[in-house]
Amino acid sequence: MKRISLIVVLAAAMASTRAQQPPQPPAQPPQPQEIETTITGEPGSPPRLAVPEFIAVSKDTESVAIAKTISQVLFDDLNFEREFALIPRDVYSTAATSFSDVPFDRWRELNADGLVVGTVQKTATGLKVELRLFNVRTRQSAYGREYSGSTANPRLYAHQISDELHQSQRGLKGVARTKLVFDSDRDGERMGGTIENRGVKELYIADYDGENQRRVTVSKTLNINPAWSPDGRSIAYTSYRRGGGQIFVSHIFQALLDELTKGEKVGENWLPAWSPDGTRLCFTSTRDGNSEIYVMNRDGSNVRRLTRHPGIDISPTWSPPGTQIAFVSDRGGDPHIYIMDADGSGSPTLLTREYSDRPTWSPAPYNEIAYSARTGPGNDIKVIDLASRQVRQLTFGEGTNESPTWSANGRHLAFMSTRAGKSQIFTIARDGKNVRQLTRTGSNQQPNWSK
């Protein structure tokens with residue numbers, strides 16, 4: 001059995017909120033004490049998996065509720081990636097009371113290939129969660145783990161289990177522990193001072209599935225264009241707290257805030273994009289009069305201009321190796337997407353010939369750029385394959401659809417859509433299926449998905 005200490009991270013806070021102690025990194029887990037095997041399904045079909053409710057060893061109300069939460073969230077997490085054929089939970093008619101009394105014959109009647117059995121038990125210091133993945137055919141344990149930690153966020157146990165099952169059984173990097181950041185006006189506040197009638201937008205973060213939405217800025221101003229750092233510990237964004245738009249970086253676990261663009265000649269600065277290694281930020285600035293693309297170190301030093309054209313150049317995004325940058329320019333008339341070398345050398349290459357905005361480069365192993373394209377009165381999300389230049393459309397005129405952002409494994413996109421009325425955050429699979437609405441309060445825009 002592999003024993004893992006699970007650190008539960010609660011709400012992050014900005015520098016303007018009360019300070020928090022930074023979370024400690026988890027200890028290195030020991031090596032597994034049993035052989036792990038892979039559950040398979042019928043040839044050409046994914047494994048059929050059953051995820052019944054976890055067993056509450058401790059019979060108190062809280063343990064029972066935690067067991068129910070972990071099993072349901074785990075089912076949803078596994079279902080999100082579509083790597084397993086999950087047997088619907090409403091057909092389950094049997095359950096184990098421990099790891100030693102699993103009724104395999106009944107699960108085999110449901111054609112289950114794999115069965116997840118979990119237990120939840122209170123301890124003196126918090127919670128212990130044990131997990132077994134059984135091969136229903138052989139009745140042997142194919143995978144086992146034990147987790148210990150707080151009772152504060154039972155969803156996090158499910159997220160970690162899901163990611164580890166996907167990695168172990170399907171060789172897939174799951175996204176259950178990733179986060180989304182976006183801006184929202186849900187608090188209904190208005191900006192004061194000399195800026196009249198402008199709504200406040202604050203930054204919010206949420207789990208990948210839209211749960212645990214929580215506010216992380218309280219500056220009562222316009223905060224937009226958020227972008228997660230590659231290590232998931234900082235958020236760069238544009239804030240109007242000093243008047244014009246400037247780029248800030250919030251180190252959310254240290255409750256520290258850095259203002260990167262400041263000085264006598266900074267103009268307005270927007271749309272920060274982290275380099276893949278997290279050492280630099282590309283952004284748009286008017287500091288030289290025109291809207292151009294610049295790059296700087298993550299501490300704001302060594303600012304360099306990359307584009308030099310009388311057209312408007314905005315919305316940069318890095319290639320996964322960090323050697324190229326795609327951006328939007330109207331130098332050819334309407335806004336189109338161009339690609340240039342990351343050092344600004346050479347001439348940018350035209351990528352799209354339709355009205356395009358907000359490109360986002362997919363992570364490896366894919367080599368694609370998603371973007372928002374004008375398709376009529378509104379916009380839709382499209383994806384272009386950089387090798388073949390083939391374009392596929394993911395949304396089709398249901399409201400306007402903008403600001404796509406890739407998940408860390410490149411299998412999903414989050415985006416903003418007005419299909420439900422106000423602007424809300426949705427996710428969609430890379431094949432255009434499995435559309436899910438994540439936000440419902442206020443107007444929510446410009447999502448960015450952590451790596």
Side-chain angles (χ1 to χ4, degrees), residues 173 175 178-181 224-238 247-249 260-261 269-285 291-308 313-329 335-352 356-372 381-387 403-415 430 446-451:
K173 178 182 178 182
V175 298
T178 59
K179 305 288 185 183
L180 288 164
V181 61
I224 56 176
N225 312 143
W228 285 104
S229 62
D231 63 5
R233 301 185 66 82
S234 303
I235 299 173
Y237 64 100
T238 301
I247 294 175
F248 291 76
V249 172
L260 302 193
T261 55
N269 303 272
W270 320 278
L271 297 161
W274 293 90
S275 63
D277 63 3
T279 63
R280 293 170 292 167
L281 283 154
C282 198
F283 62 102
T284 302
S285 178
S291 178
E292 304 284 356
I293 305 296
Y294 293 76
V295 68
M296 61 182 167
N297 294 342
R298 66 174 295 149
D299 62 0
S301 64
N302 194 26
V303 177
R304 292 177 291 116
R305 180 173 168 177
L306 300 183
T307 60
R308 299 180 181 276
D313 299 327
I314 59 172
S315 298
T317 178
W318 296 78
S319 67
T323 56
Q324 293 179 301
I325 293 171
F327 64 99
V328 173
S329 179
H336 298 139
I337 298 172
Y338 292 78
I339 296 178
M340 65 178 172
D341 292 337
D343 61 2
S345 63
S347 298
T349 302
L350 177 65
L351 181 63
T352 62
S356 310
D357 194 16
R358 297 305 298 270
T360 176
W361 214 308
S362 68
Y366 307 104
N367 189 24
E368 300 175 329
I369 289 177
Y371 59 98
S372 176
I381 305 301
K382 293 187 177 183
V383 177
I384 183 169
D385 182 274
L386 294 178
S403 301
T405 175
W406 290 100
S407 65
N409 60 14
R411 294 163 59 100
H412 316 273
L413 286 153
F415 64 102
R430 60 176 292 108
Q446 301 179 86
N448 187 260
W449 209 323
S450 72
K451 305 308 181 205

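In this text the structure is predicted, and so the values were computed from the model without any measurement.
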Problem - Flag, side chain of Asn448 to backbone of Trp228, donor-acceptor distance under 3.5 Å - result: yes
Problem - side-chain hydrogen bond (donor to acceptor under 3.5 Å, both in side chains) assessment of Glu292 paired with Thr307 - result: CA-CA 6 Å; Glu292 304 284 356; Thr307 60; 2.6 Å; yes
Exercise for the section: Determine yes or no for a side-chain-to-main-chain donor-acceptor pair under 3.5 angstrom, with Trp274 supplying the side chain and Ala227 the backbone. Expected result: yes
Exercise for the section: Would you give the length of the straight line joining atom OG of Ser372 to atom CD1 of Ile381, rounded to the nearest 0.5 angstrom? Expected result: 5.0 Å
Exercise for the section: Measure the shortest side-chain to side-chain distance between Ser234 and Arg298 over non-hydrogen atoms and say whether it is less than 4.5 angstrom. Expected result: yes
Handout entry: Ser275 side-chain N/O to Leu281 backbone N/O, donor-acceptor pair under 3.5 Å
Key = no
Handout entry: Between CH2 on residue Trp361 and CD1 on residue Ile325, distance to nearest 0.5 Å
Key = 9.0 Å
Problem - From CA spacing to verdict: side chain to side chain contact (heavy atoms under 4.5 Å, CB included), Ile293, Phe283 - result: CA-CA 6 Å; Ile293 305 296; Phe283 62 102; over 6 Å; no
Practice task
Check for a donor-acceptor pair, side chain of Asn225 on one end and backbone N or O of Trp270 on the other, with a separation under 3.5 Å.
Solution key: no
Handout entry: Side chain to side chain, Ile247 and Met296, heavy atoms closer than 4.5 Å
Key = yes
Handout entry: N/O donor-acceptor pair under 3.5 Å between Arg280 side chain and Val295 backbone
Key = no
Practice task
Taking the side chain as every heavy atom from C-beta outward, state whether Ser403 and Pro447 have any pair of such atoms under 4.5 Å apart.
Solution key: yes
Exercise for the section: Indicate yes or no: at least one non-hydrogen side-chain atom of Pro359 is less than 4.5 angstrom from one of Val328. Expected result: yes
Exercise for the section: Show your reasoning for whether side chain to side chain contact (heavy atoms under 4.5 Å, CB included) applies to Leu351 and Leu386. Expected result: CA-CA 8 Å; Leu351 181 63; Leu386 294 178; 3.6 Å; yes
Problem - pair Cys282-Leu306: side-chain heavy atoms closer than 4.5 Å - result: yes
Exercise for the section: For the pair Asp299 (side chain) and Ser301 (backbone), establish whether a donor and an acceptor sit closer than 3.5 Å, ignoring hydrogens and angles. Expected result: yes
Exercise for the section: Evaluate the side chain to side chain contact (heavy atoms under 4.5 Å, CB included) criterion for residues Thr317 and Tyr371: first the C-alpha distance (whole Å), next the side-chain angles of each, then the deciding distance (0.1 Å), finally the verdict. Expected result: CA-CA 11 Å; Thr317 178; Tyr371 59 98; over 6 Å; no
Handout entry: Min side-chain heavy-atom separation Phe248-Thr261 under 4.5 Å
Key = no
Problem - Ser407 side chain near Thr178 side chain, heavy-atom distance below 4.5 Å - result: no
Exercise for the section: Tell me, with the steps shown, if Arg358 and Leu271 meet side chain to side chain contact (heavy atoms under 4.5 Å, CB included). Expected result: CA-CA 10 Å; Arg358 297 305 298 270; Leu271 297 161; 3.7 Å; yes
